[in-house]
There are 2 protein chains.
Amino acid sequence: MAKKKEAKALDTTTEEKIKSAARVAFHKKGYAATRTRDIAEEADINLALLNYYFRSKEKLFETIMFETLFSFMQNMAMVLNDEKSTLEKKVELVAEKYIDLIIKEPNVPIFMLSEIRNNAEGLLEKLPIKQLVMNSSFFKQHQDAVAKGKITEPNPLHFLMNLLSLVVFPFIAQPLLQGIGGMNNKQFNELMQDRKKLIPVWIKATMKAK
Amino acid sequence: MAKKKEAKALDTTTEEKIKSAARVAFHKKGYAATRTRDIAEEADINLALLNYYFRSKEKLFETIMFETLFSFMQNMAMVLNDEKSTLEKKVELVAEKYIDLIIKEPNVPIFMLSEIRNNAEGLLEKLPIKQLVMNSSFFKQHQDAVAKGKITEPNPLHFLMNLLSLVVFPFIAQPLLQGIGGMNNKQFNELMQDRKKLIPVWIKATMKAK
DNA sequence: ATTATTTTTAATCAAATGATTAAAATATTT
DNA sequence: AAATATTTTAATCATTTGATTAAAAATAAT
């Protein structure tokens with residue numbers, strides 16, 4: 001299992017092929033509904049190879065899950081800790097960046113939140129997500145704005161929840177919303193594009209609401 | 001399988017016992033992760049009885065799923081079609097009613113949305129959810145308010161999305177948010193209680209935002 | 001070229017899981 | 001009370017599924 005040749009070209013390693021197939025399958029169907037055989041077939045490798053490289057379905061899952069969470073956290077950190085941008089600008093960045101991101105990976109939010117629900121302590125204690133958010137420039141700027149009377153509701157969690165809610169929830173409820181609105185995928189995505197501009201406007205309006 | 005005695009006392013029928021156990025298990029873990037044996041054990045019945053009453057795991061699931069969706073839709077219909085209340089009042093009712101509801105059944109939203117995602121057409125085409133929402137008093141009042149210039153954004157789906165997002169998303173992300181905020185269940189629920197009053201205020205603020 | 005090491009495969013195992021069967025227990029009808 | 005119908009159980013099947021093994025193929029080292 002040693003690595004002799006360094007990742008040839010663009011990750012066509014066997015290990016990488018398995019991880020890619022596993023990522024797609026887990027993100028789409030979750031841990032329980034995913035069969036290791038499906039992963040192997042999709043990756044075009046023998047089933048035994050999956051266990052040769054990752055020991056077990058669970059270990060493979062942990063690898064994918066960790067990488068997914070880590071990538072999400074990194075994105076979050078990037079925006080929330082950008083020292084140069086104002087709070088308002090950060091709201092715009094979150095809306096724009098995350099809407100683009102989720103359009104590309106529409107299964108990731110519900111996957112993450114479902115699996116965290118199954119194993120919250122285990123997964124979250126490995127990543128310093130609390131410190132990341134609570135010590136962020138974003139939170140400090142929020143406190144400032146509250147102190148200066150620019151924001152009515154003092155609890156920063158409500159502010160973060162509202163932002164994430166408006167950005168993420170429509171994707172989680174996408175099939176339901178498309179059913180209600182009689183929309184196809186393209187129309188839905190157009191609606192989400194609208195929201196890049198709208199959400200910052202709405203969030204600003206809530207800041208002063210009372 | 002005929003019903004001889006009418007539901008004795010409070011639904012202690014075998015069929016009802018199985019459904020209760022199945023409801024809890026499916027809501028908590030989803031279809032794929034639920035074992036029929038777990039349902040049988042929880043219901044304190046022989047595994048074969050489950051198949052005797054419901055033919056298969058899938059049929060039992062469909063029963064539970066349909067009832068869950070139907071109950072959700074009925075609740076929705078009740079509020080959205082109340083002819084006596086204003087649009088603002090309906091927003092208050094949705095916030096209050098759904099927050100209470102989801103605190104009692106915190107697994108239902110992510111369960112519904114996950115399973116709909118797995119089988120969107122199949123599940124949604126059985127229930128007239130589109131007609132319910134599009135023909136509702138809620139939607140008519142929204143159109144009026146737009147016509148009278150009381151609401152900036154004309155698309156009623158954005159309005160509905162925003163309301164549902166602010167109400168439902170925090171519950172879906174509950175374990176993550178508790179991790180971020182270092183909250184226990186009680187503290188989280190208190191935060192949700194706050195939102196009963198706050199969400200209507202925020203929604204009103206977004207109506208006039210531009 | 002030969003040997004050793006790593007990677008891949010086909011075949012198979014063992015446990016889990018949804019479902020069935022035939023008989024026993026219970027309830028209902030006559 | 002006897003006959004009939006319904007409900008419940010224990011035992012068992014058949015498949016699916018995660019995992020292993022032993023051998024073959026490919027690659028690297030000597």
Side-chain angles (χ1 to χ4, degrees), chain A residues 1-66 115 118-119 122, chain B residues 1-66 115 118-119 122:
Chain A
M1 195 170 145
K3 197 74 64 53
K4 287 295 146 63
K5 282 193 178 175
E6 292 307 311
K8 31 180 154 175
L10 285 158
D11 286 332
T12 37
T13 335
T14 302
E15 202 174 329
E16 228 11 85
K17 266 166 50 184
I18 296 172
K19 274 172 62 176
S20 292
R23 193 176 301 113
V24 171
F26 283 137
H27 283 182
K28 183 169 177 182
K29 310 202 289 175
Y31 178 79
T34 297
R35 307 285 103 101
T36 52
R37 278 166 173 79
D38 299 339
I39 297 175
E41 189 176 1
E42 191 59 34
D44 200 31
I45 53 114
N46 187 292
L47 171 58
L49 265 188
L50 186 153
N51 292 294
Y52 174 71
Y53 278 98
F54 295 94
R55 308 280 305 169
S56 72
K57 178 189 179 185
E58 202 174 340
K59 291 256 174 41
L60 173 56
F61 177 78
E62 278 167 17
T63 303
I64 299 298
M65 188 69 194
F66 182 84
E115 299 295 350
N118 290 340
N119 182 14
Chain B
M1 197 172 144
K3 196 73 63 53
K4 288 295 143 66
K5 284 193 177 175
E6 292 307 310
K8 32 179 156 177
L10 286 157
D11 284 333
T12 37
T13 335
T14 302
E15 202 174 331
E16 223 18 80
K17 267 166 50 182
I18 296 172
K19 273 172 62 176
S20 291
R23 195 177 299 113
V24 171
F26 284 137
H27 283 183
K28 183 169 176 182
K29 311 200 290 177
Y31 179 78
T34 297
R35 307 285 101 101
T36 51
R37 276 167 173 79
D38 299 339
I39 296 175
E41 189 176 2
E42 191 59 35
D44 200 30
I45 53 114
N46 187 292
L47 171 58
L49 264 188
L50 187 152
N51 292 293
Y52 175 71
Y53 278 97
F54 295 94
R55 309 280 305 169
S56 71
K57 178 189 179 185
E58 201 174 341
K59 290 257 174 40
L60 173 56
F61 176 78
E62 278 167 17
T63 302
I64 299 297
M65 188 70 194
F66 182 84
E115 300 294 350
N118 290 340
N119 183 14

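Below, chains carry the letters A, B, ... as their sequence lines are ordered, and counting in each starts from 1.
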Any B/N51 side-chain nitrogen or oxygen under 4.0 Å from OP1 or OP2 of C/dT20 = no
Against the side chain of A/Y52, the closest entry in C/dA10, C/dA19, C/dT7 is C/dT7
Output yes when a side-chain donor or acceptor of B/K29 lies under 3.5 Å from a complementary backbone atom of B/R35, and no otherwise.
-> no
Steps toward side-chain contact (heavy atoms from CB on, under 4.5 Å) verdict (A/M65, A/N119) | CA-CA 11 Å; A/M65 188 69 194; A/N119 182 14; over 6 Å; no
If we only count heavy atoms from C-beta on, is the B/K19 to B/Y53 side-chain gap below 4.5 Å?
-> no
Looking for any heavy atom pair under 4.0 Å, which part of the strands does A/L50 touch: base, sugar-phosphate only, or nothing?
-> nothing
B/T36 side chain near C/dG18 phosphate (N/O to OP1/OP2, under 4.0 Å) = yes
Phosphate OP1/OP2 of C/dT8: any A/Y53 side-chain N/O under 4.0 Å | yes
Could you check if a side-chain atom of B/S20 sits within less than 4.5 angstrom of a side-chain atom of B/R23, using non-hydrogen atoms only?
-> yes
So does A/T14 get a side-chain nitrogen or oxygen closer than 4.0 Å to the phosphate oxygens (OP1/OP2) of C/dT8?
-> yes
To the nearest angstrom, the CZ-C1' distance between B/R37 and D/dT9 comes to 14 Å
Looking only at N and O atoms, is any donor in the side chain of B/R35 or the base of C/dG18 less than 3.5 Å from an acceptor on the other one?
-> no
Picking from C/dT20, D/dA19, C/dA10, which would you name as closest to the side chain of B/A48?
-> C/dT20
